[in-house]
Amino acid sequence: MKINSISLENFRNISTLSLEFEDTNIIWGENAQGKTNLIEAIYLFTGAHSFRSIKDRELIKFGEEKSRLGIEFFSNDRIQTAEIEIAQRKKAWLNGVAKKSAVSFGDEIKAIIFSPVHLTMIKDGPNERRKFIDNALCQLKSNYACLLKSYNRLLMQRNAVLKKSESLEQAEVFLSLWDESLAKTGAKIIYQRLKYIEAIKPYMSDIFNGISSGRENIDVKYIGADEYNADIKDIEKKLLNSISSHHNADFFNQTTTKGPHRDDIEILINEKSARAFASQGQQRSCVLALKLAEAALLKQMTGIQPVALLDDVMSELDEKRQDYILNHIKDCQVFITCCDKETVLRLKKGKTFHISNGNLLEN
């Protein structure tokens with residue numbers, strides 16, 4: 001797919017802005033001028049929530065009552081239009097037809113987003129790494145979000161038993177009722193995660209090899225309470241044994257200590273932990289490789305090539321890594337924000353936009 005143009009009105013610090021795009025697009029300017037706002041506006045058309053804000057009101061320019069966004073895009077072999085109005089509630093139109101919500105845009109418009117906030121995937125605890133793989137699976141598998149919801153509901157109910165029980169003996173009477181259901185649902189989640197990791201590995205390895213000019217290799221492993229294989233029944237059996245054998249620890253901690261909600265995804269560079277040993281540039285390269293691999297796999301599975309939205313991706317990357325991002329990402333429309341005008345000069349083919357205080361300036 002490809003986004004041909006965008007128009008914005010009263011969005012963040014942007015009063016009015018209309019742009020036409022090419023395959024590679026660089027938005028540059030100083031900090032807090034509106035570069036990320038443009039990336040955010042494009043991402044809203046995937047039907048997802050903003051990656052920066054929870055409240056829609058924060059998306060409307062200060063002092064205004066509403067914001068309006070529109071794009072023209074090519075997807076599913078035809079040119080289409082989409083519009084979003086943000087006021088007291090959000091309204092959406094696809095090809096002039098009103099939709100219940102912008103969520104329905106996700107069937108036609110797909111994008112992957114890299115933002116500095118995603119570096120927590122490497123730096124912080126396992127929650128961000130689980131979130132990455134779960135969000136990716138939600139785009140690929142329509143029932144995966146329902147699976148997560150069911151598991152979290154069971155987990156909440158089991159944890160409530162642990163908190164309310166006055167003794168381990170009392171807790172165990174009820175815990176056994178939840179263990180089997182939790183293991184059955186949790187095994188399906190682990191199974192899908194394992195399959196996704198195996199599917200994304202070749203893409204991730206190839207992209208990271210390009211980013212590092214062949215100097216480094218990357219790997220990713222699923223880290224759980226047990227060593228799981230690809231057989232879902234075996235996963236369920238091991239998970240049930242792990243959950244049921246930790247009643248004592250669960251009662252002491254008043255929470256369920258084993259299950260996919262505690263698992264991790266380990267990222268390795270040259271067989272060493274990226275979290276422990278990677279430089280800032282290497283960590284950024286890891287996340288970028290994961291995101292671009294996510295896009296490649298999404299195309300393979302859905303037939304739609306998502307656009308790549310890369311916000312402040314150039315920071316802390318050496319010139320060779322920057323050159324790969326600017327000139328060697330193939331078969332994918334790319335939007336890149338940066339502060340340094342020198343970066344723009346290294347672009348061999350594409351279009352550049354200079355944004356200042358929400359306005360387009362001459363380059």
[atom1] of [X] to [atom2] of [Y]: how many Å apart, nearest 0.5 Å?
X: Lys221; Y: Glu266; atom1: NZ; atom2: CD; result: 6.5 Å
X: Cys138; Y: Ile133; atom1: SG; atom2: CD1; result: 11.0 Å
X: Leu268; Y: Arg275; atom1: CG; atom2: CZ; result: 13.0 Å
X: Thr120; Y: Lys123; atom1: OG1; atom2: NZ; result: 8.5 Å
X: Ile218; Y: Ser205; atom1: CD1; atom2: OG; result: 8.0 Å
X: Asp56; Y: Ile86; atom1: CG; atom2: CD1; result: 5.5 Å

Would you say that [X] contacts [Y] through its side chain, given a criterion of any heavy-atom pair below 4.5 Å between the two side chains?
X: Met314; Y: Ile325; result: yes
X: Arg284; Y: Ser315; result: yes
X: Leu297; Y: Tyr196; result: yes
X: Leu175; Y: Arg158; result: yes
X: Ile71; Y: Ile42; result: no
X: Thr46; Y: Lys110; result: no
X: Ser18; Y: Ile6; result: no
X: Leu168; Y: Glu172; result: yes

Would you find a donor on one side and an acceptor on the other, under 3.5 Å apart, between the side chain of [X] and the backbone of [Y]?
X: Glu236; Y: Lys184; answer: no
X: Asn253; Y: Ala249; answer: yes
X: Ser167; Y: Gln170; answer: yes
X: Asn327; Y: Lys348; answer: yes
X: Arg129; Y: Asp263; answer: no
X: Ser181; Y: Trp178; answer: no
X: Ser165; Y: Leu162; answer: no

Counting neighbours of [atom1] on [X] that are heavy atoms of other residues, nucleotides or ligands and sit closer than 6.0 Å, is the number greater than 12?
X: Lys90; atom1: NZ; answer: yes
X: Lys141; atom1: NZ; answer: no
X: Lys349; atom1: NZ; answer: no
X: Arg215; atom1: CZ; answer: yes
X: Glu180; atom1: CD; answer: no

Can you sort out the partners of [X] under salt bridge (Lys or Arg N to Asp or Glu O under 4.0 Å), two or more places apart, ordered by chain and number?
X: Arg153; value: none
X: Asp234; value: Lys238
X: Glu83; value: Arg68

Is it true that the side chains of [X] and [Y] contain a donor and an acceptor less than 3.5 Å apart?
X: Asp250; Y: Thr257; answer: yes
X: Asn159; Y: Thr256; answer: yes
X: Ser67; Y: Asn10; answer: no
X: Gln254; Y: Lys164; answer: no

Item to check | Check ion pair Asp134-Arg193 (N to O, under 4.0 angstrom) | outcome: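 Here Asp134 pairs with Arg193 in a salt bridge, since their nearest N and O are under 4.0 Å apart.
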
Next on the checklist: Looking at Glu64 and Lys61, is any side-chain nitrogen of the basic one under 4.0 Å from a carboxylate oxygen of the acidic one?
Outcome noted: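 Looking at Glu64 together with Lys61, the answer is no, because their closest N to O distance does not fall below 4.0 Å.
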
Next on the checklist: If you take the centroid of each ring, where Trp contributes its six-membered ring, are Phe335 and Phe21 closer together than 6.0 Å?
Outcome noted: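 Centroid separation for Phe21 and Phe335: below 6.0 Å.
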
[X] and [Y]: which non-hydrogen atoms are nearest, and at how many Å?
X: Cys332; Y: Pro306; result: SG-O, 3.3 Å
X: Pro202; Y: Ala199; result: CD-O, 3.4 Å
X: His247; Y: Ser176; result: CE1-N, 4.5 Å
X: Ala82; Y: Ile109; result: CB-CD1, 4.2 Å
X: Leu317; Y: Ser285; result: CD2-OG, 3.6 Å

Checklist entry - Step by step, would you call Asn76 with Glu108 a side-chain hydrogen bond (donor to acceptor under 3.5 Å, both in side chains)? => result CA-CA 7 Å; Asn76 287 323; Glu108 303 284 345; 2.7 Å; yes

Next on the checklist: As a test of understanding, state which of Asn4, Asn25, Leu309 forms a side chain to side chain contact (heavy atoms under 4.5 Å, CB included) with Gln333.
Outcome noted: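 That would be Asn25; it is the only one of Asn4, Asn25, Leu309 passing the side chain to side chain contact (heavy atoms under 4.5 Å, CB included) with Gln333.
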
Contacts of [X] that satisfy side chain to side chain contact (heavy atoms under 4.5 Å, CB included) - sequence neighbours left out:
X: Leu240; answer: Asp179, Ala183
X: Arg52; answer: Arg12, Thr36, Asn37, Glu40, Ser50
X: Ala278; answer: Ile269, Ala274, Gln282, Gln283

Checklist entry - In the hydrophobic clustering that connects Ile, Leu, Val, Met, Phe, Trp and Tyr at side-chain heavy-atom distances below 4.5 Å, which members other than Ile79 occupy its cluster, ordered by chain and number? => result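 Taking Ile, Leu, Val, Met, Phe, Trp and Tyr as members, Ile79 shares its hydrophobic cluster with Phe74.
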
Next on the checklist: According to side chain to side chain donor-acceptor pair (under 3.5 Å), who are the partners of Asn270, at least two apart in sequence or on a separate chain?
Outcome noted: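 Checked Asn270 against side chain to side chain donor-acceptor pair (under 3.5 Å); matches are Asn217.
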
Item to check | Test ring pair (Phe, Tyr, Trp, His ring centres under 6.0 Å) applied to His261 - qualifying residues, sequence neighbours left out | outcome: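 Once residues adjacent in sequence are excluded, the partners of His261 under the ring pair (Phe, Tyr, Trp, His ring centres under 6.0 Å) criterion are Tyr151.
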
Item to check | Pairs where residues 13-23 contributes a residue and the test salt bridge (charged side-chain N to carboxylate O under 4.0 Å, His left out) is met, not counting sequence neighbours | outcome: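 Residue pairs passing salt bridge (charged side-chain N to carboxylate O under 4.0 Å, His left out), neighbours aside: Lys2-Asp23.
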
Next on the checklist: By the salt bridge (charged side-chain N to carboxylate O under 4.0 Å, His left out) test, which pairs, at least two apart or in different chains, include something from residues 201-213?
Outcome noted: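 Residue pairs with at least one partner in residues 201-213: Glu198-Lys201, Lys201-Asp219.
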
Next on the checklist: Parallel, tilted or perpendicular, judged at 30° and 60°: which one describes the rings of His118 and Phe51?
Outcome noted: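 Geometry flag for Phe51 against His118: tilted rings.
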
For residues 92-101, which side-chain N or O atoms pair as donor and acceptor with protein atoms under 3.5 Å away, sequence neighbours left out?
| from | atom 1 | to | atom 2 | distance (Å) |
| --- | --- | --- | --- | --- |
| Asn95 | OD1 | Thr81 | N | 2.9 |
| Asn95 | ND2 | Gln80 | OE1 | 3.0 |
| Ser101 | OG | Val103 | N | 3.2 |

